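Counting convention: from 1, in listed order, for ligands and their atoms alike. As a basis for the values below, the full set of heavy atoms in this structure was taken, side chains included, without hydrogen atoms, waters or symmetry mates. Please read these numbers as outputs of a predicted model, since none were measured by experiment.
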Amino acid sequence: MRLRNFALERYFARWEFKAELLLCASDVEGWPMGDLLELASEDDRRRWDSLRLGYTESAGDPDLRAAVAELYERISPDDVLVFAGAEEAIFALHNVLLGPGDHAVVVAPAYQSLAEVARAAGADLTRVELHESNGWRLDLDEVRAALRPNTRLILVNEPHNPTGALMERPTFDGLVELAAEAGARLIVDEVYRFLEFDPADRLPAGADALPAGVSIGVMSKSFALAGLRIGWVATRDHDLLARLAAFKDYTTICNSAPAEVLALIALKARDQVLARSRGIVSANLPLLDEFFGRWEGTFEWIRPRGGSVGFPRLAGDLPIARFAEDLVHDTGVLILPGPIFGDEGNHFRLGFGRLNMPEALDRLDSYAARTLR
Ligand SMILES: Cc1ncc(COP(=O)(O)O)c(C=O)c1O
């Protein structure tokens, strides 16, 4: 298996801990350890203090799987397999489900591994593009046209990175129908689920929508605990889960014991944890509305409907990669140029899950006033 470089992760490797302010991070501001432990029940606090640092159950701690299952309507603890982040889940899923002779339909632009691991596993890929001119909406006709007799899976990401788009319920229902008719598995990367700006817009989970549907979840984004490296696959397809479990024996074998306990504490207190994340995002959004209102014609943006990222466009001739490079050198503010997502429309990813977003945005504002007016 030959994987191409993960452009976004290589860019972050260069800048994430060097740039002063990240205006492009996709995770919500991470919890301080002490604050998280304060959410623990007495039992869980004891569990934390007396934790033995041996190997853990390969499928994931049973209590953690039960807490994950609570996030779904039709999922039981046995339908959950815990991974080291969503990234390991994606890697395992594509490797288990795809090989030469198989075909996969993947939304684009997208978090690179969602397509790249499928390609590297030997599958033929069709990327169904989202377009700004269409409000970044998925076009079901394009998905239908992409289907082939050997299409094994359709993969979408809702809410979507990098655009912040979230499909309407009828589109989701149509997609479920299409997948069922085609005998293709629907995989939904739901790492930004629960961050819908209007909770009424929350879609059913992939794992709930279809017996063989798959949900990919993680503690990193909506739950603001990226450092735990705890993610999961939820599906009622136990044959798939068994194959994934066997694959995991060659990657991480089992999860980090401390991370599992901390994830359990967070999920048991999920209302508080999610309220904090939504609070951060909803404090930042009006500042973005004001910014993009004032800079109309220079920066164009389709307001996201969920998640913690959006994909604005720099109008004019200045290439976004050049602008981003000059911006970080001059102001210490990092944005992610669209070409990293294979985008050629001069977009950039902007993240609004961090507490210091107002300061980062201020610096972008003054830099733009100095250089773009
Ligand atoms: C859509 C999507 N899926 C998966 C991941 C991977 O999540 P993690 O790094 O927590 O494994 C990310 C991270 O940015 C993402 O945006």
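- Taking every heavy atom of N161 and a limit of under 4.0 angstrom, the matching atoms of ligand 1 come to 15 (C), 16 (O).
- Heavy-atom proximity to V218, at under 4.0 Å, picks out these atoms of ligand 1: 10 (O).
- Under 4.0 Å is where a charged nitrogen must lie from a carboxylate oxygen, and between R236 and D79 no such pair does.
- Here the two rings, on F83 and W232, have centers that are 6.0 Å apart or farther.
- Heavy atoms of E88 stay at 4.0 angstrom or farther from ligand 1.
- Given atom 8 (P) of ligand 1, the protein heavy atom at minimum distance is R229 NH2, 3.5 Å.
- Screening F12, Y11, Y111, F91 for a ring-ring contact (aromatic ring centres under 6.0 Å, His included) involving F6 leaves a single residue, Y111.
- In terms of protein heavy-atom proximity, atom 13 (C) of ligand 1 is closest to K221 NZ, 2.8 Å.
- Atoms of ligand 1 found under 4.0 Å from any heavy atom of V191, numbered from 1 in the order shown, are 1 (C), 2 (C), 3 (N), 15 (C).
- The 12-atom threshold is exceeded at CZ of R148, counting heavy atoms of other residues, nucleotides or ligands nearer than 6.0 Å.
- The S220 neighbourhood of ligand 1 comprises atoms 8 (P), 10 (O), with distances under 4.0 Å to a heavy atom of that residue.
- Regarding atom 5 (C) of ligand 1, its nearest protein heavy-atom neighbour is Y111 CE2, 3.4 Å.
- Ligand 1 places these atoms under 4.0 Å from at least one heavy atom of N157: 1 (C).
- At least one heavy atom of I90 sits less than 4.0 Å from an atom of ligand 1.
- Heavy-atom minimum distance, F311 versus P109: CE2-CG, 4.2 Å.
- In summary, the atoms of ligand 1 found under 4.0 Å from a heavy atom of A86, numbered by their order in the structure, are 4 (C), 6 (C), 7 (O), 8 (P), 11 (O).
- Residue contacts with ligand 1: G231 is excluded, as none of its non-hydrogen atoms falls under 4.0 Å.
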(request) Kindly determine whether N255 and R229 satisfy side chain to side chain donor-acceptor pair (under 3.5 Å), including the steps that lead there. (result) CA-CA 9 Å; N255 309 296; R229 312 307 303 131; over 6 Å; no

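- Listed for the D189 side chain is a donor-acceptor partner under 3.5 Å among the backbone atoms of V191.
- Of the protein's non-hydrogen atoms, the one nearest atom 2 (C) of ligand 1 is D189 OD2, 3.3 Å.
- Annotation for L97 and R185: closest pair CD2-NE, 3.6 Å, computed over non-hydrogen atoms.
- Residue Y192 approaches ligand 1 through these ligand atoms, each under 4.0 Å from one of its heavy atoms: 1 (C), 14 (O), 15 (C), 16 (O).
- Side-chain atoms of D249 never come within 3.5 Å of backbone atoms of I253 as a donor-acceptor pair (strictly under, hydrogens ignored).
- Close approach to S26 involves these atoms of ligand 1, each under 4.0 Å from a residue heavy atom: 14 (O).
- For CZ of R270, the number of neighbouring non-hydrogen atoms (other residues, nucleotides, ligands) closer than 6.0 Å is greater than 12.
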